[in-house]
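Report on the structure given below.
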Amino acid sequence: MSKEIEIRQHNALTNARYEYTELQLDLLFFLLSKLRKDKQDSVYELNIKDLSLLTGKKYNAAYLHKATSDMGSRVFEVQTETRYRQLWMFQRVDYLLGQGIIEIKLTEDITPYLFDLKENFTSYELASALRLTSKYAKRIYQYCSQWKDQGETKKYDIQDFKQMLGLLDDKGKDKAVRMSDFRESVLDVAVKQINEHTELHISYKLEKRVRTYKNIVFTVKPQALAETIPFDLVPTAQPLPGVQQSHYDNAARILDELRITDTKHRQTILTSAAHVAEVNRYNHDLKTGKVKASRNPGGLLLVRLGLVAAKATAPTK
């Protein structure tokens with residue numbers, strides 16, 4: 001399978017409001033790479049073995065079932081100058097038992113945003129999109145790809161931008177209230193991953209109005225990758241000896257939840273049976289209150305695994 005497959009989608013879909021997990025975004029990217037203009041009404045097949053070869057990840061059937069179920073029920077909210085539209089992507093999803101294949105039939109209303117592109121589309125590379133481990137990096141990569149020929153994105157209102165990323169809901173609940181959290185957990189992670197693993201080099205500027213940050217704008221430049229993108233997010237496609245597949249999958253999910261996105265850390269953790277066991281044990285301790293880590297639970301896990309040093313506490317006088 002080519003590592004230079006290009007994905008195209010309508011800009012309205014790029015800028016739509018929706019929240020997908022990392023797995024759901026990978027399924028979406030893989031599906032988009034399969035689309036053909038002469039097969040708009042066809043059922044599309046996703047071979048999970050092919051996806052595993054691209055990402056280096058193992059896919060648990062139960063997680064896939066839940067992922068596509070949630071994708072089918074979630075809405076793409078598309079705003080244009082004349083209307084606000086809610087769209088559902090899937091008409092149906094079939095799993096061919098024992099074959100590792102998912103059959104997906106798209107809804108009729110979503111197809112114009114996938115095929116009738118003309119000049120109003122975003123293009124990006126499947127390899128790069130799958131390489132990113134942060135779901136926010138994947139979305140920001142799409143936004144920046146839309147503006148790559150301009151050198152700079154439009155100015156996004158920060159609150160609107162958070163809604164597009166799924167960080168802020170209609171009731172005003174914000175998953176990153178403090179600007180420091182928004183920068184460290186979302187923006188800085190996305191910039192680092194995109195600059196390391198894609199054909200784009202980006203940075204961002206935050207603009208204040210009085211004392212409050214109001215807008216964000218990204219600069220976007222093309223870059224040549226030092227080498228062909230290797231698909232080694234998790235370097236083994238086989239379960240670790242002595243580790244149950246469910247424990248392995250759960251550890252990978254916990255790393256996502258704790259926003260541990262650094263590729264080297266994930267490789268080190270997910271190729272060690274001891275580390276996988278410790279991740280699951282740590283998560284249990286965190287959920288049951290045996291461990292207190294409200295500020296940075298991901299950082300504490302890395303300390304416990306010996307991957308980073310604990311920050312020294314300043315001596316009291």
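Values below: every heavy atom of this structure, side chains too, minus hydrogens, waters and symmetry copies.
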| Where the side chain of Thr107 meets the backbone of Trp88, is there a donor-acceptor pair that is under 3.5 Å apart? | yes
| said: Tell me whether Glu45 contacts the main-chain N or O of Ile101 through its side chain, where contact means a donor paired with an acceptor under 3.5 Å. | reply: no
| Taking only residues two or more places apart in sequence, or in another chain, which ones meet Phe182 in a ring pair (Phe, Tyr, Trp, His ring centres under 6.0 Å)? | none
| Polar side-chain atom of Gln24 near backbone of Ala67 as donor-acceptor pair, under 3.5 Å | yes
| query | What heavy-atom pair brings Ile202 and Val191 nearest, and what distance separates the two atoms? | reply | O-CG1, 3.6 Å
| query | Considering residues, nucleotides and ligands other than His65, do more than 12 of their heavy atoms fall under 6.0 Å from its NE2? | reply | yes
| query | Is the shortest heavy-atom distance from the side chain of Tyr63 to the side chain of Thr21 under 4.5 Å? | reply | no
| Does NZ belonging to Lys66 count more than 12 external heavy atoms closer than 6.0 Å? | no
| Between the main-chain N or O of Gln267 and the side-chain N or O of Thr271, is there a donor-acceptor pair closer than 3.5 Å? | yes
| request: Starting at OH of Tyr204, measure out to CG of Asp188 and round the result to the nearest 0.5 Å. | output: 3.5 Å
| said: Within the 4.5 Å heavy-atom criterion, are Asp285 and Arg304 side-chain neighbours or not? | reply: yes
| remark: Contacts of Tyr20 meeting ring pair (Phe, Tyr, Trp, His ring centres under 6.0 Å) (sequence neighbours excluded), chain-then-number -> Tyr18, Phe76
| Side-chain ion pair, Glu184 and Arg178, N-O less than 4.0 Å | no
| Nearest atoms (heavy-atom pairs only) where Ser145 meets Lys148 | O-CG, 3.2 Å
| note | Between the CG atom in Asp94 and the NZ atom in Lys105, the distance rounded to the nearest 0.5 Å is 11.0 Å
| task | Keeping the roles fixed (side chain from Tyr143, backbone from Thr153), state whether a donor-acceptor pair exists under 3.5 Å. | result | no
| Residues which pass side chain to side chain contact (heavy atoms under 4.5 Å, CB included) with Val308, listed by chain and number, not counting sequence neighbours | His265, Leu302, Val303
| Are the side chain of Gln223 and the backbone of Leu200 linked by a donor-acceptor contact shorter than 3.5 Å? | yes
| message | Once rounded to the nearest 0.5 Å, what's the spacing between atom OG of Ser33 and atom CG of Leu130? | response | 8.0 Å
| query | Roughly how far, to the nearest 0.5 Å, is NZ of Lys135 from CG of Leu132? | reply | 14.5 Å
| message | Test of understanding: with salt bridge (Lys or Arg N to Asp or Glu O under 4.0 Å), list the residues that count as partners of Arg253, not counting sequence neighbours. | response | Glu257
| By side-chain hydrogen bond (donor to acceptor under 3.5 Å, both in side chains) - contacts of Arg209 (at least two apart) | none
| query | With no hydrogens and no angle check, is any side-chain donor or acceptor of Tyr282 less than 3.5 Å from a backbone partner on Pro297? | reply | yes
| Looking at Asp174 and Val177, what are the two nearest heavy atoms and their distance? | O-CG2, 3.4 Å
| Any donor-acceptor N/O pair, Lys155 side chain to Val217 backbone, under 3.5 Å | no
| Less than 4.0 Å between a side-chain N and a carboxylate O, is that true for Asp256 and Arg266? | yes
| request: Under the side-chain hydrogen bond (donor to acceptor under 3.5 Å, both in side chains) rule, collect the residues that match up with Asn283, sequence neighbours excluded. | output: none
| request: Taking Asp50 for its side chain and Leu46 for its backbone only, find out whether a donor-acceptor pair lies under 3.5 Å. | output: no
| query | Of all heavy-atom pairs between Glu103 and Val43, which one has the smallest distance, and what is that distance? | reply | CB-CG1, 3.6 Å
| field | Full working for ring-ring contact (aromatic ring centres under 6.0 Å, His included) between Phe161 and Phe218 | value | CA-CA 12 Å; Phe161 192 69; Phe218 293 86; 5.7 Å; yes
| task | I would like to know whether Lys57 and Asp26 meet salt bridge (Lys or Arg N to Asp or Glu O under 4.0 Å); could you show each step before the answer? | result | CA-CA 11 Å; Lys57 301 175 187 176; Asp26 284 349; 3.4 Å; yes
